[in-house]
Amino acid sequence: MMRMAIAGVAGFVLVFIESYIVMVFKQYETIEFGGMAPFVSVWSMNFFLVFSILTHIKFWYEEREAEREEEAAERDRFIS
């Protein structure tokens, strides 16, 4: 649930960052998204990008913690 909330907000922020980059490179004054549907489609692509990155980070963190627990258990077994 937290990943979805973070991905929603970050996806929304990424829309504006991407728009700003396009405006700078192409020297535009404004950007017209062409309506609500194209804006939502760009937002949803950014949402799923951030969500997949956060999911990967979550799995990486859980695997790292499991390895640390195994190392601690092995160390404790060796010391005992």
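Atom set for the values below is all heavy atoms of this structure, side chains included, hydrogens, waters and symmetry mates excluded.
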Side-chain atoms of residues 8-28: list all donor-acceptor pairs with protein atoms under 3.5 Å, sequence neighbours left out, distances to 0.1 Å.
from : atom 1 : to  : atom 2 : distance (Å)
E18  : OE1    : N46 : ND2    : 3.2
S19  : OG     : V15 : O      : 2.7

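Of all heavy-atom pairs between F51 and R3, the closest is CE1-CB, 3.8 Å. Shown here for P38 and S41, the closest heavy-atom pair between the two residues is O-OG, 2.7 Å.
Note that CD of E71 and CD of E74 are 7.5 Å apart. Values are rounded to the nearest 0.5 Å. Atom-to-atom distance recorded for F59:CZ and L54:CG is 11.5 Å, nearest 0.5 angstrom. Atom CD of E67 sits about 5.0 Å away from atom CD of E63, to the nearest 0.5 Å.
No single ILVMFWY cluster, assembled from side-chain heavy atoms under 4.5 Å apart, contains both V42 and I31. Hydrophobic cluster membership differs between Y61 and I6, with clusters built from Ile, Leu, Val, Met, Phe, Trp and Tyr side chains linked at under 4.5 angstrom.
Partners of I53 by side-chain contact (heavy atoms from CB on, under 4.5 Å), not counting sequence neighbours, listed by chain and number: L49, I57.
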